[in-house]
Amino acid sequence: MFVQPFRRAAVVVLLACSLLAAPSDAQVYEGRELVKAELLAKTTAIVPGQPFTVGVLLKMVPHWHTYWKFPGDAGIPTEIKWKLPEGWKVGEIQWPIPLKLVEPGDIQIYGYHDEVLLMQEITPPPSISDATVKLSAEADWLVCEKICIPGGTALELDVPVAGSAAAANEEIFHRYQRALPQPWPAADVATAEWSRAPTELTLRIKSSALANHPALEFLPFPDETVVVAHPTTERTADGAIFRIPIETSNAKLSALSGVIVFGQTPDGPDRNAWELGAQQATAADTKSAAASASSPVAGGGLAKYLLFGLLGGFILNLMPCVLPVISLKIFGFVQHAGESRGHILRSGLAFIAGIFVWFLGVAVLLIMLQRAGNQIGWAVQFTNPYFVLALCAVVFVFALNLFGVFEFTLPQSANRSVMHVTGGSGHLASFFQGLFATVLGTSCTAPVLGVAVGFALSQSALVILLMFTAIAAGMSAPYLLLSAQPAWVKLLPRPGAWMERLKQLMGFPMLATLVFLLYVLGEQRGPLAVIWTLCFLLVLGLAAWMKGAFLVPTASTRSRVVVVVLLLALVLGGGHYFIR
């Protein structure tokens with residue numbers, strides 16, 4: 001998915017008996033290392049041909065958490081990629097019972113506080129020629145509290161090869177093996193029965209063993225074609241009923257995999273869990289389930305989510321990330337208020353085209369990633385600090401332009417071409433304003449569009465395109481109405497000297513957006529990254545001033561060449577030194 005490891009290091013420590021792995025630095029936030037990763041083995045030596053257990057131990061600072069294999073409403077599960085010699089085999093990750101955590105905004109996730117040991121079984125080949133084997137793995141995770149920061153590290157562990165071995169790290173492995181979900185019990189202990197309504201799955205568990213456990217919940221593990229909302233629990237005399245709201249285009253879906261978790265408290269150390277596979281339950285009413293599954297669930301659900309996308313796109317115009325660029329467009333309407341209706345309409349359509357180009361471009365990119373087998377998410381680019389840094393530079397340059405430090409100009413030949421293509425005015429600028437507004441707005445979409453986009457990303461390519469078209473249409477609607485109704489535009493003030501002051505004033509919302517982006521960058525890479533970014537922006541500001549002061553129409557060709565060379569040297573040199 002969108003996890004990018006920030007810092008990779010491995011310090012190998014070989015202790016002959018304990019075989020403790022070397023902890024490695026990962027993310028640093030406010031002077032604290034958020035996650036410490038460690039590679040452990042449950043054996044003192046590798047015996048050729050005999051499987052053994054290893055585990056990646058993640059220790060989180062208080063109040064921060066990583067994620068289970070199904071993260072819930074948001075998040076990314078931890079990934080472990082092994083680099084082993086040829087002929088070695090690695091089993092699936094064994095996930096301990098997670099906690100159900102509720103975050104602000106009624107976001108429900110499944111994850112781990114404090115620490116977790118993710119175990120895997122490794123099977124060596126029958127013959128090993130080396131006296132010592134280096135086990136290498138790369139762990140990537142997402143750790144969250146009020147914000148989320150991706151991290152990762154490379155881990156190595158040297159283990160001797162011998163004819164026999166003893167147990168190592170017994171306490172921690174025993175503790176986490178005890179925390180693994182158990183296989184589904186025999187029919188005389190518990191039975192599971194599924195049924196389906198148009199937008200809901202119902203799981204009925206009959207088991208007298210659950211009566212003595214006040215805390216009881218079902219944690220789903222759906223595949224990528226199913227969007228699952230929050231399951232609810234209803235206790236019965238002989239067990240429990242779980243209701244799981246779903247959205248899916250799979251008409252044959254009648255059950256989900258998951259775990260039944262029970263204990264005295266929801267997060268107590270005494271919790272147990274039974275693992276339930278989708279094939280282990282029986283359908284309560286096959287005919288009813290089939291009938292409901294064949295009803296137009298996908299169509300009705302799609303219409304609802306498209307409406308959410310349309311409304312969410314409209315509300316995006318009020319989000320703080322978008323307002324600075326929207327103010328530019330309003331300034332454009334004021335500037336052109338005295339011009340013809342056709343000119344105003346073309347300017348508005350150019351702005352709208354920028355919105356549609358961005359959203360449909362993102363949709364096409366997500367479809368390509370989906371078909372390539374990648375996990376995809378919305379606003380993924382804002383988890384990349386280099387994207388945030390680039391956006392800081394763009395916003396800063398826009399602010400300097402609004403303050404009058406420099407003007408965007410094109411060569412005369414290019415300017416004539418643009419004038420011809422755009423009908424003789426700044427329609428190209430309107431297009432890029434619409435494009436830029438949607439780029440900035442991406443970081444603000446989670447509260448407004450999270451549900452709709454999350455549903456779309458689990459559907460077909462056509463649904464993804466429809467959803468992003470609906471969002472673009474919602475965001476574009478006010479500008480289409482304003483540019484198509486001359487009477488409304490004429491209510492705006494006439495152009496005058498005050499417009500230059502208004503233009504300068506609109507540079508301050510741009511700087512406010514820059515402060516927000518620097519905050520995001522600081523959360524990702526720490527305060528030192530913000531300082532280096534500000535140094536680069538200082539160089540960029542100097543380059544912008546030189547452009548405005550010396551690249552003027554009256555400057556000679558020689559002067560222009562010298563200034564351009566200096567500008568490139570400043571920007572490229574500053575970027576290489578400060579950003580690197």
Side-chain angles (χ1 to χ4, degrees), residues 1-28 33-60 66-69 76-96 112 115-143 149-170 172-173 176-177 373-375:
M1 201 170 174
F2 46 86
V3 178
Q4 295 284 341
F6 284 171
R7 191 174 167 195
R8 301 187 179 279
V11 181
V12 180
V13 179
L14 179 60
L15 301 178
C17 294
S18 61
L19 291 176
L20 290 175
S24 302
D25 291 343
Q27 312 115 302
V28 176
E33 186 180 353
L34 298 180
V35 179
K36 292 183 179 180
E38 197 174 355
L39 188 58
L40 304 176
K42 197 186 174 183
T43 180
T44 58
I46 295 173
V47 179
Q50 291 189 9
F52 62 96
T53 302
V54 296
V56 173
L57 179 66
L58 300 179
K59 292 184 177 181
M60 290 77 75
T66 55
Y67 291 89
W68 187 46
K69 60 181 179 179
I76 306 169
T78 300
E79 293 184 351
I80 304 173
K81 299 176 183 177
W82 287 92
K83 301 175 183 178
L84 297 174
E86 188 175 354
W88 293 62
K89 298 179 180 179
V90 182
E92 296 292 329
I93 295 177
Q94 301 173 38
W95 299 87
Y112 305 100
E115 72 170 30
V116 63
L117 182 68
L118 302 179
M119 296 171 287
Q120 292 177 269
E121 186 178 80
I122 295 181
T123 303
S127 176
I128 304 175
S129 59
D130 298 325
T132 302
V133 173
K134 185 185 295 292
L135 303 178
S136 300
E138 189 173 288
D140 295 311
W141 59 78
L142 185 70
V143 62
I149 303 177
T153 190
L155 298 168
E156 292 182 347
L157 181 64
D158 289 331
V159 187
V161 178
S164 61
N169 303 307
E170 291 183 84
I172 191 168
F173 276 95
Y176 278 99
Q177 285 174 332
N374 295 297
Q375 290 180 306

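Quick caveat, the model's predicted, so the values are computed rather than measured.
- Atom CD of E38 and atom CG of N169 lie 8.0 Å apart (nearest 0.5 Å).
- Every salt bridge (charged side-chain N to carboxylate O under 4.0 Å, His left out) that E115 has, sequence neighbours left out, goes to R175.
- Atom CD of E33 sits about 8.5 Å away from atom OG1 of T153, to the nearest 0.5 Å.
- Evaluated for a side-chain contact (heavy atoms from CB on, under 4.5 Å) with V133, the options L157, I128, V159 yield exactly one hit, I128.
- Under the rule for a side chain to side chain contact (heavy atoms under 4.5 Å, CB included), the partners of A165 that lie at least two apart in sequence or sit in another chain are T43, T44, A45, V47.
- Q120 is linked by a side-chain hydrogen bond (donor to acceptor under 3.5 Å, both in side chains) to W82, counting only residues two or more places apart in sequence or in another chain.
- W88 pairs by the side-chain hydrogen bond (donor to acceptor under 3.5 Å, both in side chains) definition with nothing, not counting sequence neighbours.
- Taking all atoms of both residues into account, the shortest heavy-atom contact from F173 to M119 is CD2-SD, 3.7 Å.
- For K83, the side chain to side chain contact (heavy atoms under 4.5 Å, CB included) test picks out S136, E138, with sequence neighbours left out.
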With a 3.5 Å cut-off and sequence neighbours excluded, list the donor-acceptor pairs that the side chains of residues 50-59 form with protein atoms.
none

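- Expressed to the nearest 0.5 Å, how far CG of D140 lies from OG1 of T66 amounts to 12.5 Å.
- Using modelled atom types, one side-chain atom of Y112 and one backbone atom of P96 make a donor-acceptor pair closer than 3.5 Å.
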Worked verdict on Y67 versus L142 for side-chain contact (heavy atoms from CB on, under 4.5 Å)
CA-CA 7 Å; Y67 291 89; L142 185 70; 4.1 Å; yes
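- Distance CD/Q94 to NZ/K69: 11.0 Å, rounded to 0.5 Å.
- Taking CG of L118 as the start and CD of E92 as the end, the distance is 12.5 Å to the nearest 0.5 Å.
- Within the 4.5 Å cutoff, side-chain heavy atoms of I149 are placed close to those of L34.
- Residues L155 and L39 come closest through the heavy atom pair CB-CB, 4.1 Å.
- Taking CG of L135 as the start and CG of L40 as the end, the distance is 11.5 Å to the nearest 0.5 Å.
- Of all non-hydrogen atoms in P48 and A162, the two that sit nearest each other are CD-O, 3.6 Å.
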